[in-house]
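These notes are about the structure you will find just below.
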Amino acid sequence: MTESMVRAEGVHKRFGRLEVLKGISLDVRAGEVMCLLGPSGSGKSTFLRCINHLEKIDAGRLYVDGELVGYRQAGDTLHELRDGDVCRKRAEIGMVFQRFNLFPHMTVLENVTEAPVGVKGVRRADAIARAEELLARVGLQDKLRNYPAQLSGGQQQRVAIARALAMDPKLMLFDEPTSALDPELVGDVLDAMRQLAADGMTMVVVTHEIGFAREAGDTLVFMDGGVVVESGNPRDVLANPRHERTRSFLSKVL
């Protein structure tokens, strides 16, 4: 729990004239669960997408497991990595989005085995065995032959989690994974995420699920206006926020 898995140093990101990230600096230790909380437009999802180079940062430094994200440094100069190198690095980071993004023409089992076989060259028999293990882990061992349209939203999101885990990532990113679900479906997805946390997976989670942040998070970061307003132990931040902006936000969501 001492080595840094994600380190951001003064990260800036803009879209045209709109500056979305205004110097984000934070550190996620290996094995830690960091929850990002904040209002819409605060930069949480953009920061998450920068971690795996789905968005390119405009200034600062961003490291995953000690290596620059999207770049290599030669002397004082940064050189952007080639697309193939970026994709290889991205394969080490699992990401689960608000929408499930499953392949509708593939079964659950095929969805989970496609990337390990096609991207990493895993033997199909080994990929199937691993997929069956992961789907059992998220409570879907009886849905292997189903298609996404035959599943509930919560089940589809758990398939998306298993699919990400099938690549054996060193880091998992979750972008509001329960926001598109009906309330009664949220619990099973959060249970799967809690199990991941208990197993020691390093996770960065953009969420409005305060209970999950309190129970499973090691660090809670409150963002607003593209900056980190406050961070600390989730129970401390939620019970006794230091900043008025944090207090105002929590008064509306607790």
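Given the structure is predicted, the values throughout are model-derived calculations rather than measurements.
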E32 and T219 side chains, donor-acceptor separation under 3.5 Å: yes
Indicate yes or no: at least one non-hydrogen side-chain atom of R124 is less than 4.5 angstrom from one of I128. yes
Give a yes/no verdict on a cation-pi contact between R163 and F103, requiring under 6.0 Å between NZ or CZ and the six-membered ring centre and an angle within 45° of the axis. yes
Side-chain touch N146/Q155, heavy atoms, less than 4.5 angstrom: no
Verdict with reasoning, R72 to D85, per side-chain contact (heavy atoms from CB on, under 4.5 Å): CA-CA 11 Å; R72 62 178 177 84; D85 294 327; over 6 Å; no
Please check if the side chain of R14 supplies one atom and the backbone of D58 the other of a donor-acceptor pair under 3.5 Å. no
d(L21 CG, H12 NE2) to nearest 0.5 Å is 9.0 Å
Closest approach of P234 to R214 (non-hydrogen atoms, all atoms of both residues): CB-CA, 4.1 Å
Going by distance alone, is a donor N or O of one side chain under 3.5 Å from an acceptor N or O of the other, for Q195 and D191? no
Under the 3.5 angstrom rule, does the side chain of K44 hit a backbone N or O of F222 as a donor-acceptor pair? no
Taking all heavy atoms of V69 and all of Y63, pick out the closest pair and write down the distance. CG2-C, 4.1 Å
Do the non-hydrogen side-chain atoms of L250 and L238 ever get within less than 4.5 Å of each other? yes
So do R137 and L196 actually touch side chain to side chain, heavy atoms under 4.5 Å? yes
Is the shortest heavy-atom distance from the side chain of I51 to the side chain of M95 under 4.5 Å? no
Show your reasoning for whether side-chain contact (heavy atoms from CB on, under 4.5 Å) applies to H53 and K89. CA-CA 9 Å; H53 208 57; K89 293 295 183 185; over 6 Å; no
Give the cluster check for V122 versus L135: same hydrophobic cluster or not, with ILVMFWY residues linked at side-chain heavy-atom distances below 4.5 Å. no
CZ of R99: more than 12 outside heavy atoms within 6.0 angstrom? no
Validation row: R29, S4 side chains within 4.5 angstrom (heavy atoms): no
Does V6 share a hydrophobic cluster with F174, counting links as ILVMFWY side-chain heavy atoms below 4.5 Å and allowing steps through other members? no
Spacing of CG belonging to N240 relative to CZ belonging to R247, to within rounding of 0.5 Å: 9.5 Å
Step by step, would you call M223 with V229 a side-chain contact (heavy atoms from CB on, under 4.5 Å)? CA-CA 5 Å; M223 291 177 60; V229 176; over 6 Å; no
Heavy-atom closest contact (R145 atom, T107 atom, distance): O-CG2, 3.7 Å
Please round to the nearest 0.5 Å and tell me the distance separating atom CG of L220 and atom CZ of R235. 9.5 Å
Hey, does V108 have a side-chain heavy atom less than 4.5 Å from the side chain of Q150? no
For the NZ atom on K56, are there more than 12 heavy atoms of other groups (residues, nucleotides or ligands in this structure) within a distance under 6.0 Å? no
Taking C-beta and beyond as the side chain, do K170 and T202 meet within less than 4.5 Å on heavy atoms? no
CD1-SG distance between I57 and C50, expressed to the nearest 0.5 angstrom: 6.5 Å
Any donor-acceptor N/O pair, D27 side chain to R7 backbone, under 3.5 Å: no
Between V96 and L181, is there a shared hydrophobic cluster once you connect ILVMFWY residues whose side-chain heavy atoms come closer than 4.5 Å? yes
Exam field: side chain N111 to backbone M106, donor-acceptor pair closer than 3.5 Å: yes
With distance as the sole test, does Q157 use its side chain to make a donor-acceptor pair with the main-chain N or O of V189 at under 3.5 Å? no
When you measure from the side chain of S42 to the backbone of P39, do you find a donor-acceptor pair of N or O atoms at a distance under 3.5 Å? yes
Give the minimum heavy-atom separation between V86 and G70, together with the two atoms involved. CG2-CA, 4.4 Å
Under a single-linkage definition using a 4.5 Å side-chain heavy-atom cutoff for Ile, Leu, Val, Met, Phe, Trp and Tyr, are I161 and Y147 assigned to the same hydrophobic cluster? no
Evaluate salt bridge (Lys or Arg N to Asp or Glu O under 4.0 Å) for E55 paired with R49, printing each intermediate quantity in order. CA-CA 6 Å; E55 301 289 353; R49 291 170 64 85; 3.5 Å; yes
Can you give me the closest heavy-atom contact between G153 and L185, atom names plus distance? N-CD1, 4.0 Å
Does the structure place the NZ or CZ of K252 under 6.0 Å from the centre of the six-membered ring of F249, at an angle of no more than 45° from the ring's axis? no
Interatomic spacing from CD in E114 to CE in M167 - rounded to 0.5 Å: 10.5 Å
Mind checking whether M193 and I93 sit in one hydrophobic cluster, side chains of I, L, V, M, F, W, Y counted as touching below 4.5 Å? no
Between T178 and F212, is the side-chain contact (heavy atoms from CB on, under 4.5 Å) condition met? List the steps. CA-CA 11 Å; T178 61; F212 174 83; over 6 Å; no
Do other residues, nucleotides or ligands put more than 12 heavy atoms under 6.0 Å from D83 CG? no
If you measure from CG on L68 to CD on E80, what distance do you get to the nearest 0.5 Å? 12.0 Å
Would you name the heavy atoms of R194 and A216 that are closest together and state the gap between them? CG-CB, 4.4 Å
